[in-house]
Visitor: 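Input: one structure, supplied below.
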Amino acid sequence: MPLDSRSRDDSFVRELLGLRLWEPLDGFTADNLRELWARHPVLIVRRQALSERELADFSALFGPLERVVRNEWASPVIPEVGLISNLKDGQAQPIGGLGDGELQWHSDQSYMMSPATGAALYAVELPPEGGTTSWVDLTAAYAGLPDRLKRLVEGRHGVFSYVKRLASYQGVDRVISSEAKRKTPPVLHPLVHTHPVTGRKALYLDSTTTIGIAGMDDASGSPLLDEIYRFATQPEFVYRHDWQVGDVVMWDNGSTMHRREPFDPTARRLMKRTTIFLSRARHIVPDGCLATEEAMA
Ligand code: SIN
């Protein structure tokens with residue numbers, strides 16, 4: 001089936017038309033989708049009605065699925081599907097993670113040495129207002145950076161820490177198992193990558209995990225990161241998505257960050273998400289290392 005798609009507000013976002021993700025996609029359509037995702041890091045498909053199995057099967061067309069370190073957020077039915085929700089079960093326990101608060105600009109899995117950079121989020125229940133999600137195009141942000149900032153970040157590695165991410169969460173989400181702690185020591189990733197398909201450079205950032213820049217003391221690293229975040233998250237680089245039930249948004253964390261606005265805690269929001277190891281041949285996939293003293297020097 002030829003793939004029909006149109007640009008949204010910005011060229012880094014494309015909406016795909018006429019897809020029925022609950023049906024197996026033919027090889028030609030799946031190849032076209034992989035091509036399109038390599039060039040447009042945010043893809044939107046509306047009006048879907050998916051079981052968790054169908055969401056997982058569709059996501060797996062793009063790479064192996066990751067079971068994220070927060071296994072308490074995993075669906076009891078299909079563990080590769082995570083529940084992002086403020087809802088509670090009959091024992092008043094959260095059924096998933098990330099509650100109702102604001103989520104600041106971040107890139108999923110940036111705290112992992114080999115992050116799974118693909119994500120798909122499927123809207124099942126939505127609050128009447130708030131809870132919108134925005135994405136920022138870090139390829140356009142890099143292209144727009146003043147030369148002085150380009151020179152300062154080129155060849156530099158950021159220090160990404162899950163401990164900082166945890167501090168930005170609410171309530172029980174701040175607590176992790178010893179197993180999750182063991183899997184998430186601070187890591188280094190280059191702050192600039194070149195896309196394997198487009199050849200364009202992009203920033204790799206996550207304001208909720210970066211705690212410094214390797215080889216720079218805090219007095220120079222922190223203000224530089226602040227300046228880059230201020231520049232990169234200007235409205236001209238941002239797409240804000242007004243969710244409708246049935247939307248699936250897929251994004252590439254290798255060249256975008258996203259943020260969520262808070263919503264009324266008494267309203268209901270249920271999203272289902274998958275996390276995908278995208279192919280290095282088609283996407284930026286940061287290749288990190290442990291933030292040892294030697295690597296930080
Ligand atoms: C996420 O950051 O993965 C969740 C975003 C959202 O809840 O809209």
Side-chain angles (χ1 to χ4, degrees), residues 13 41-46 48 52 55-56 59 62 65-75 80-88 94-112 115-138 160 162 164-174 176 180 184 204-210 233 238-265 267-278:
V13 180
V42 180
L43 296 180
I44 299 166
V45 197
R46 301 203 110 145
Q48 301 302 304
E52 291 181 1
L55 176 63
S59 303
F62 304 95
L65 301 187
E66 159 82 317
R67 290 191 183 188
V68 296
V69 287
R70 302 302 297 255
N71 51 19
E72 68 275 27
W73 299 355
S75 155
E80 289 81 7
V81 172
L83 304 182
I84 305 299
S85 185
N86 63 328
L87 300 181
K88 304 226 163 75
I95 64 162
L98 299 179
D100 53 63
E102 178 185 357
L103 301 176
Q104 294 152 17
W105 287 115
H106 67 282
S107 169
D108 302 321
Q109 296 244 319
S110 68
Y111 48 84
M112 299 298 285
T117 48
L121 194 60
Y122 170 51
V124 180
E125 278 195 77
L126 292 169
E129 24 183 68
T132 55
T133 312
S134 300
W135 282 266
V136 66
D137 180 359
L138 294 179
F160 296 76
Y162 193 53
K164 180 174 176 190
R165 167 77 65 84
L166 285 177
S168 72
Y169 286 162
Q170 294 174 303
V172 289
D173 284 348
R174 289 184 165 201
I176 55 170
T184 53
Y204 184 65
L205 298 173
D206 180 339
S207 75
T208 68
T209 58
T210 45
T233 56
V238 173
Y239 164 73
R240 181 167 178 269
H241 187 68
D242 268 323
W243 289 101
Q244 292 170 14
V245 167
D247 285 356
V248 175
V249 179
M250 304 148 63
W251 68 94
D252 178 348
N253 284 287
S255 60
T256 62
M257 285 190 291
H258 54 289
R259 72 175 284 266
R260 181 187 76 192
E261 287 162 35
F263 57 96
D264 177 357
R268 296 170 63 90
R269 188 175 190 266
L270 173 61
M271 316 289 277
K272 298 191 175 183
R273 66 162 284 167
T274 51
T275 304
I276 310 159
F277 284 103
L278 293 180

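In listed order, ligands and their atoms are each counted from 1. What you see below is based on every heavy atom in this structure, not just the backbone, and it leaves out hydrogens, waters and symmetry mates. What you see is a predicted model, and the numbers here were worked out from it, not measured in a lab.
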Visitor: Calculate, to the nearest 0.5 Å, the distance between atoms CZ and CD belonging to Arg67 and Glu80 respectively.
Guide: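 Rounded to the nearest 0.5 Å, the CZ-CD separation comes to 4.5 Å.
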Visitor: Is a salt bridge present between Glu102 and Arg259, judged by a nitrogen-to-oxygen distance below 4.0 Å?
Guide: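 Salt bridge flag = yes for Arg259 with Glu102.
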Visitor: Check ligand 1 for N or O atoms under 3.5 Å from a protein N or O and list each pair with its distance.
Guide:
unit_1   : atom_1 : unit_2 : atom_2 : d
ligand 1 : 2 (O)  : His106 : NE2    : 2.8
ligand 1 : 2 (O)  : His258 : NE2    : 3.0
ligand 1 : 3 (O)  : Arg273 : NH1    : 2.7
ligand 1 : 7 (O)  : Arg260 : NH1    : 3.2
ligand 1 : 7 (O)  : Arg269 : NH1    : 2.8
ligand 1 : 8 (O)  : Thr133 : OG1    : 2.6
ligand 1 : 8 (O)  : Arg269 : NH2    : 2.9

Visitor: Decide ring pair (Phe, Tyr, Trp, His ring centres under 6.0 Å) for Trp105 and His258; before the verdict, give the C-alpha distance in whole Å, the side-chain angles of both, and the deciding distance to 0.1 Å.
Guide: CA-CA 5 Å; Trp105 287 115; His258 54 289; 8.2 Å; no
Visitor: For Glu72, check salt bridge (charged side-chain N to carboxylate O under 4.0 Å, His left out) against everything at least two apart and list the hits.
Guide: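 If we apply the salt bridge (charged side-chain N to carboxylate O under 4.0 Å, His left out) test to Glu72, skipping adjacent residues, the hits are Arg70.
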Visitor: Can a salt bridge be assigned to the pair Glu52 and Lys272 using a cut-off of 4.0 Å between side-chain N and carboxylate O?
Guide: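 Yes, charged N to carboxylate O under 4.0 Å.
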Visitor: Between the main-chain N or O of Gly82 and the side-chain N or O of Arg273, is there a donor-acceptor pair closer than 3.5 Å?
Guide: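 Not confirmed, Arg273 side chain does not pair with Gly82 backbone.
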